[in-house]
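Input: a single structure, listed below in structure tokens.
Within every chain, numbering begins at 1; the chains are lettered A, B, ... in the order of the sequence lines, protein sequences first and strands thereafter.
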Number of protein chains: 2
Amino acid sequence: MSRDVTRAAARLPSLPARLPATPPTLADVAERAGVSRQTVSNAINNPDLLRPDTLARVQGAIDELGYSPNRAARNLRTRSSHLVGMRIGPAQEGTANATMDRFVHSLVETTREAGYHVLLFAAEPDDPMTGYDDLLRSTAVDAFVITDTYLGNPQASWLEQRRAPFVAFGRPWDQPEARHPWVDVDGAAGTALATDHLLDKGHTRVAWIGWRKDSRIGEDRRSGWLRAMHGRGLSTTGLASRVEDTVASGRDASAHLLDEAQPSAFVCASDTLAVGVLRTLADRGLVAGRDVAVVGFDDSQVAPLTQPGLTSVRQPLEDVAVEVVKALEGLLGHPPAVGPGVMLTPTLTVRGSS
Amino acid sequence: MSRDVTRAAARLPSLPARLPATPPTLADVAERAGVSRQTVSNAINNPDLLRPDTLARVQGAIDELGYSPNRAARNLRTRSSHLVGMRIGPAQEGTANATMDRFVHSLVETTREAGYHVLLFAAEPDDPMTGYDDLLRSTAVDAFVITDTYLGNPQASWLEQRRAPFVAFGRPWDQPEARHPWVDVDGAAGTALATDHLLDKGHTRVAWIGWRKDSRIGEDRRSGWLRAMHGRGLSTTGLASRVEDTVASGRDASAHLLDEAQPSAFVCASDTLAVGVLRTLADRGLVAGRDVAVVGFDDSQVAPLTQPGLTSVRQPLEDVAVEVVKALEGLLGHPPAVGPGVMLTPTLTVRGSS
DNA sequence: TTGAAAGCGCTAACAG
DNA sequence: CTGTTAGCGCTTTCAA
């Protein structure tokens, strides 16, 4: 093989740590170990099939050469890439985005442990599905993780129709017929946790500031507050408000509620709204955590920075990632296994505001 | 070809939008269009070589079949994956992380336009280079983008020694001999911009609160403040402080500076420190923006949420991504072209605090 | 247990 | 301008 002459010549003068111009192949390892290529392949993929001494010799050659199987070749052969695609939206400022970023970190970490990598892609400006379509048809990824299952977007049903493997972070709100695996965080449980926390501290008039009614997630979070209040036989009349997710809205809403309903505590659908509440309290010379308690949602970057620190509901995104990867592994297993949806419970990060 | 019989049978009863069990190949398109496989390949990669009518026929077949070249096969053949690897650190809370997340978004967006995808990977807990090594040896990515070029980490020199194509977001602080392409944001220019902004407003005693001396980035940012002050012949004696990057440190440092040196404005190395300054002002009944001006750095999520809004230096991460991708394209071009480092200038987002 | 042969789907080189 | 041939590096039959 003249190729090997070239390769040997190319490798000789180089530093041990430097990668040769063209990486070693299965054949190189085989020659070095004095076995056939398939034996090397088996050493990697089915070590049990080899005699221990053969395995050791092959392993030695692999280490010496710094061999790692060529992905493209392996992908072509096995029809799988060990890549998981995930679309990320534009870098809009805001809490929702930050939550997704936190999730991406967890996902990358978890997929690594499962032998997968995460391929990020951006939405095409025009068609929301083109990115998925291309990756799917070119068999560039084995599966997708989708995240925004609300706002009635077409991803889930589109992928399902295509029989593309995917796991959703977010329950299929509007699709009871959906059969795909999903993982979600129980927002209602989170706000119930927050509300109970306040009730345990002796508050009886706990107000809610949430999002507009068309937000499924917002209504879900609101229901947890309602449930906790009613669970103790407390009235919620006049204690709720539905507004835009901005600081100004939270500020206005809390001012209004304080005037009209005299709550001693607020549970909010987001940290943004909670910051608005803190501002109202400051406006009025009230001390958060002493005079009025406040709890936010998402435990965002701002929560520890407010004065006092903002108590906030925290989504267990690390656990979400773990469950997503589990579902992914089931989906890509032989035979494919799709379990039921997984619902996780958030925790409460208690700080000075409550 | 018995395979085609199977395929046709499989495709017939399916919905047009549903992906056939096994995606169409070049051969399928070729047969459909009545040309050879090579012609289809040319239609995709070198359309100029085809006669217009042939091209149209092939294109038609491609569209009808929903054909997209198999990535693995193409990667194997061309020895390139059109994937760019980027390592992300653990999801620690904090501004630095948020900046990186913003950058990732921009990078994904920009690479998409260049026909690349971003492959994210996590650091192995033990060895910082294993992730790079594996991806490199398995030829899973064409190049890397590295981000933390400070803290004397080994990535840059390691990759350079391996002759692995990579672009750094961050100048090679400690390696004047480095020859790799890099893109960075001129922190000194940012703080100079901030300082000049304050000086233009009539301030003469502008204080600096920055990081400890071992931070290259911190010292760079500090130098911009120094330069701007000295540029107007103003003294900086007693006006600077170097502390940890925490709210508490910013609060303490600003309190101390106010007592000792009576500054009327603060420029900070981070938004975190600036939040600390705001807290001191609130403690003392001073109004930020009216009594004392404050400017932060990074224009993080908290900046618009503080009361009043925090003026902050903003890194042009979108532009960084564009330059990084440009450098990447040069690096991966034929022949590879490596240009000089690119230094970008930040902007100032002015809010109520100044 | 190990080895030989075949082929995944594509593109580069050349021949027509 | 189009078609033929070869082979990228790997894994999966099937034999030995």
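For the pair L76(B) CG and dC8(C) P, the computed distance is 13 Å after rounding to whole Å. One interatomic measurement links the two molecules: CG of N42(B) to P of dG16(C), which rounds to 18 Å at whole-angstrom precision. The interatomic distance linking L26(B) (CG) with dG3(D) (C1') rounds to 13 Å, in whole Å. Rounded to an integer number of Å, the gap from D53(A) CG to dT2(C) C1' is 12 Å. If you measure from atom CG of L49(B) to atom P of dG3(D), you get 13 Å, rounded to the nearest angstrom. To the nearest angstrom, P of dC8(D) lies 19 Å from CZ of R74(A). Between the CZ atom of R51(A) and the C1' atom of dT2(C) there is a distance of 9 Å, given to the nearest Å. Remark: C1' of dT1(C) and CG of N46(A) are 13 Å apart, rounded to the nearest angstrom.
Comparing R77(B) and V35(B) along DNA chain D, the residue whose closest nucleotide (by nearest heavy atom) sits nearer the 5' end is V35(B). DNA chain C is contacted by both R37(A) and Q38(B); R37(A) maps to the nucleotide lying nearer its 5′ end (nearest heavy atom per residue). With DNA chain D read from its 5' end, the first of the two nearest nucleotides for T78(B) and I44(A) is the one closest to T78(B).
Although no hydrogens or angles enter the test, the distance criterion places a donor-acceptor pair under 3.5 Å between the side chain of N70(B) and the main chain of A73(B). Proximity of a side-chain donor or acceptor of E109(A) to a complementary backbone N or O of A122(B) within less than 3.5 Å is not detected.
A close approach under 4.0 Å does not occur between any side-chain nitrogen or oxygen of N70(B) and OP1 or OP2 of dC10(C). In this model, the phosphate group of dT4(D) is not approached by any side-chain N or O of S36(B) to a distance below 4.0 Å at OP1 or OP2. Phosphate contact (OP1/OP2 of dT2(C), side-chain N/O of T39(A), threshold under 4.0 Å): absent.
For the residue pair S81(A)/N75(A), the side-chain donor-acceptor check at 3.5 Å is not satisfied. Between the side chains of Q38(B) and N42(B), at least one donor-acceptor pair of N or O atoms lies under 3.5 Å.
The residue N75(B) sits apart from the nucleic acid: no heavy atom pair falls under 4.0 Å.
Test L135(A), L120(A), L83(A) against H117(B) for side-chain contact (heavy atoms from CB on, under 4.5 Å) and you get one pass: L135(A).
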